[in-house]
Amino acid sequence: MMKLIAYPLTVIYFLFFGLTLVIFHPIQWLYLNVFGYQAHKKSVSILNWFLMRCLNLLGTRFSFRNPYTIPANKPLIIVTNHQSMYDIPPIIWHMRKHHPKFVSKKELGKGIPSVSFNLRHGGSALIDRKDGVQALSEIAKLGAYIENNQRSAVIFPEGTRSRNGYPKPFKPTGLKTLLKNAPSALVVPISINNSWKLLRYGKFPMGLNCHLTFDVHEPIPNEGSHDALIEKTEAVIKKGIVQA
């Protein structure tokens with residue numbers, strides 16, 4: 001029965017989702033080209049708040065739990081597991097004061113209203129997963145960018161999303177590159193749960209009544225062995241994942 005109800009609700013959701021992306025595309029262009037970076041950044045934050053409200057149409061709830069006072073004047077490397085594209089709006093909204101930038105596949109840099117524009121012009125790294133040299137070069141640039149501007153990079157070290165909530169092993173190369181190029185950054189691990197359930201039936205229809213949780217763990221200084229730091233970060237994140 002829930003799957004049958006999901007069909008019409010998913011159509012309504014996609015209408016609002018698409019409309020939101022189309023409306024905010026020219027807003028982003030205007031804010032960036034007329035008012036500059038800070039205005040553009042605010043428009044992106046508000047866009048992602050609206051994208052979360054679109055998901056509320058499916059009964060989606062969000063809990064973003066951060067018991068730590070994370071300084072806004074230091075670069076951050078936000079490391080998290082990856083379960084769906086719906087991981088992204090809550091991170092952008094709730095971590096907005098840290099100016100999150102993403103390590104993203106280059107295919108997302110074109111063809112998607114609002115999303116592609118922000119990825120191309122907002123400071124994120126667009127990588128070619130078939131070209132290791134290009135990918136590491138772009139990640140290195142992102143690391144230097146957050147180091148010099150006290151902003152944050154978001155990376156999903158699994159490399160691809162989990163389709164059932166079970167975390168995949170970390171691929172450490174990209175994260176090591178960020179750590180090397182942002183030596184003063186704090187590493188902020190986040191455990192994400194249940195966003196994969198939005199795609200439990202595939203891309204259509206969407207899953208209903210999902211409770212997405214984001215648990216921010218204690219920040220870790222970028223000190224000592226990068227291998228040991230990555231191992232510790234992975235363990236912390238996986239401990240917070242509910243495997244259901």
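Only this structure's heavy atoms are used, side chains among them; waters, hydrogens and symmetry mates stay out. Heads up: numbering here begins at 1 and tracks the sequence.
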Item to complete: Supply the atom-to-atom distance Thr233 OG1 to Ile237 CD1, rounded to the nearest 0.5 angstrom.
Response: 6.5 Å
Worksheet item: Ignoring hydrogens and geometry, is there a side-chain-to-backbone donor-acceptor pair from Asn56 to Gly59 under 3.5 Å?
Response: no
Worksheet item: Does Asn118 reach the main-chain N or O of Ser114 with its side chain, forming a donor-acceptor pair under 3.5 Å?
Response: no
Practice prompt. Can you see which heavy atom on Leu119 is nearest to which on Gly109, and at what distance?
Written response: CD1-N, 4.5 Å
Worksheet item: For the side chain of Gln28 and the backbone of Pro113, is there at least one donor-acceptor N/O pair under 3.5 Å apart?
Response: no
Worksheet item: Quick check: does any side chain N or O of Asn193 sit under 3.5 Å from a backbone N or O of Val242, one acting as donor and the other as acceptor?
Response: yes
Worksheet item: Where do Thr80 and Pro157 come nearest, in terms of heavy atoms and distance?
Response: O-CD, 3.5 Å
Fill in: Side chain Arg129, main chain Gly159, donor-acceptor under 3.5 Å
yes
Worksheet item: Under 6.0 Å from the six-membered ring centre of Trp196 and within 45° of its axis: does the NZ or CZ of Arg200 meet both?
Response: no
Practice prompt. Describe, in one word, how the ring planes of Phe14 and Phe17 are oriented to each other, choosing from parallel (under 30°), tilted (30 to 60°) and perpendicular (over 60°).
Written response: perpendicular
Practice prompt. For residues His217 and Ser191, report the shortest heavy-atom separation together with the two atoms involved.
Written response: NE2-OG, 2.7 Å
Practice prompt. Please check if the side chain of Thr20 supplies one atom and the backbone of Phe16 the other of a donor-acceptor pair under 3.5 Å.
Written response: yes
Practice prompt. Under the side-chain contact (heavy atoms from CB on, under 4.5 Å) rule, what do Ile127 and Gln134 come out as? Steps first, then yes or no, please.
Written response: CA-CA 7 Å; Ile127 65 171; Gln134 183 271 352; 4.2 Å; yes
Item to complete: Please determine, by modelled atom types, if Ser162 and Asn164 share a side-chain donor-acceptor pair under 3.5 angstrom.
Response: yes
Worksheet item: Short question: side chain of Asn222, backbone of Ala182 - any donor-acceptor pair under 3.5 Å?
Response: yes
Worksheet item: Between Trp93, Tyr86, Phe64, which is the residue that forms a ring pair (Phe, Tyr, Trp, His ring centres under 6.0 Å) with Phe214?
Response: Phe64
Discussion item. Using a 3.5 Å distance criterion without hydrogens, assess whether the side chain of Lys41 forms a donor-acceptor pair with backbone atoms of Arg96.
Written reply: yes
Discussion item. Is it the case that the side chains of His82 and Glu158 hold a donor-acceptor pair, with the cut-off being a distance below 3.5 Å and no angle test?
Written reply: no
Discussion item. Strictly distance-based, threshold 3.5 Å: is any side-chain N or O of Glu138 a donor or acceptor partner for the main-chain N or O of Ala125?
Written reply: no
Response to the item:
Looking only at heavy atoms, the pair that brings Leu199 and Met206 closest together is CD2-SD, 4.1 Å
Item to complete: Give, for atom CD1 of Ile155 and atom OG of Ser104, the distance between the pair rounded to the nearest 0.5 Å.
Response: 11.5 Å
Discussion item. If I take atom CG from residue Leu179 and atom NE2 from residue His226, how far apart are they, to the nearest 0.5 angstrom?
Written reply: 5.0 Å
Worksheet item: Which heavy-atom pair separates Tyr37 from His99 by the least distance, and what is that distance?
Response: OH-ND1, 2.8 Å
Worksheet item: Can you tell me how far SG of Cys210 sits from CD of Gln83, rounded to the nearest 0.5 angstrom?
Response: 10.5 Å
Fill in: Gap separating the CG atom of Asn33 from the NE2 atom of His40, nearest 0.5 angstrom
9.0 Å
Discussion item. So which atom in Leu186 and which in Lys74 form the shortest heavy-atom distance, rounded to 0.1 Å?
Written reply: CG-CE, 3.8 Å
Practice prompt. Please check if the side chain of Lys97 supplies one atom and the backbone of Ala72 the other of a donor-acceptor pair under 3.5 Å.
Written response: no
Item to complete: Compute both the distance and the angle, then confirm whether Arg151 meets the cation-pi test with Phe102: under 6.0 Å from the six-membered ring centre, within 45 degrees of the axis.
Response: no
Item to complete: Verify the neighbour count for atom OH of Tyr145: are there more than 12 heavy atoms of other residues, nucleotides or ligands below 6.0 Å?
Response: yes
Worksheet item: Could you go step by step and tell me if Asp87 and Ser195 meet the side chain to side chain donor-acceptor pair (under 3.5 Å) rule?
Response: CA-CA 7 Å; Asp87 300 336; Ser195 73; 2.4 Å; yes
Discussion item. Between Glu147 and Ser184, does the side-chain contact (heavy atoms from CB on, under 4.5 Å) criterion hold? Intermediate values first, please.
Written reply: CA-CA 7 Å; Glu147 177 72 17; Ser184 69; 2.8 Å; yes
Worksheet entry | Check ion pair Lys176-Asp227 (N to O, under 4.0 angstrom) | yes
Worksheet, complete the sentence: Distance col, row His94:NE2 vs Asn66:CG, nearest 0.5 angstrom, shows 10.0 Å
